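Only one structure is covered here, and it is reproduced in the block below.
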Amino acid sequence: MKAIVVHQYGGPEVLKFEDYPDPVAGPGEAVARVITCGSGLTIQHAKAGRRQIKFPRIIGHEITGEIVDVGAGVTSFFYLNCGHCRYCLTTLEPLCTNGGGNVGLECDGGYAEYIKLPAHIFIKYPEELDYKAHPAEMGVITDALATPYKVLRRAQVKGGETVAVIGAGGGLGIHQVMMAKWANARVIAVETAADKFDACRKAGADEVVNPRDGGVVEALRDLTHGAGVDVVVDYVSTTATQEAAVRALGQRGRLVILGGAAQPFHVPARDMLTKEQAILGSRYVTRAEILDACDLVARGEVWPLVTVVRPLAEAEAVHDLVERGQVTGRAALRVA
Ligand SMILES: [Zn+2]
């Protein structure tokens, strides 16, 4: 088969298009023919060496494909969870204690004509989803849409609450804006890239705050008449963004941290106590949350924002855009 195989970190010629042996399913495994695969920052981190992987490696998750010989439309779970530990059995699969890592990082992923995975890692699309007409959009549901959906549940966002999204113009951030709006929240996008403000508003942001103008905390407090916001979702997670986020929280405010830099930060403990605030970590999603997100798309309540779809052979060019933050929403590669 043809595949993009990574043999080393960094440099412009990392994403080489080459012949690679077809995967063969062993016991408990299945092989899918890949149709599209998302191109996000997680795999860009692996390509650039900011996330360690073993070589050679086919990168890529957020996959739409068809199980070979069966023809059923499937996507894949991002985590190689075991399926039988206490976390897997209580629908907390991302916390699996026997986890084998991530698809496209610790095992070969979707930048190829075929992908082989343990059969239980594949998730069949609901009949209502037309994955043949919109394979890239359906593929990115598994992460870029399902993760923001899960965050709403993790933070128990209620209609009418104010939700600020830090990194709102990014691949997950823009979908968080979309999902928070779907949940009837008032949404404030926090974003430094001025060329993404329009997309943030289109996705549902009621206001956009640019940290480059200074005073994010003051801006968020002003927009809530001094009360502070109910929820901040931080997709950047540097020391500075997280410390600004906690200071912008109101009474019973919740900060959700996920992805990004995951740097350590200081919390004003007295405020946490007196205002009953909470800090929540959020790790990927469950299969059930993927199916919930699929249902939302099937009902037409939300639609994944995929603005760049290129052939597999153009992976290098797509990752240039991802690295420079020039993709609005998600990019994906078309394989078949
Ligand atoms: Zn498990």
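This is a predicted model, so every value here is computed, not measured. Each residue takes its place number in the sequence, starting with 1. Both backbone and side-chain heavy atoms feed into the values below; hydrogens, waters and symmetry mates do not. First listed ligand is number 1; within each ligand, the first listed atom is number 1.
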Inset, instruction - For A112, enumerate each residue passing the side-chain contact (heavy atoms from CB on, under 4.5 Å) test, keeping only those at least two apart in sequence or located in another chain. - result: M1, A3, I58
Legend entry - Ring centers of Y111, H319 separated by less than 6.0 Å: yes
When the side chains of residues 173-180 are checked against the rest of the protein, which donor-acceptor pairs come out under 3.5 Å, sequence neighbours left out?
unit_1	atom_1	unit_2	atom_2	d
H175	ND1	G171	O	2.7
H175	NE2	L305	N	2.9
Q176	OE1	Y235	OH	2.5
Q176	NE2	P148	O	3.3

Legend entry - Within-2.8 Å protein N/O/S contacts of the Zn ion (ligand 1): C82 SG, C85 SG, C88 SG, C96 SG
Inset, instruction - Taking only Lys NZ, Arg NE, NH1 and NH2, and the carboxylate oxygens of Asp or Glu, determine whether E323 and R50 approach each other closer than 4.0 Å. - result: yes
Inset, instruction - Kindly state each residue pair satisfying ring-ring contact (aromatic ring centres under 6.0 Å, His included) with at least one member in residues 176-206, sequence neighbours excluded. - result: none
Legend entry - Polar side-chain atom of E62 near backbone of S39 as donor-acceptor pair, under 3.5 Å: no
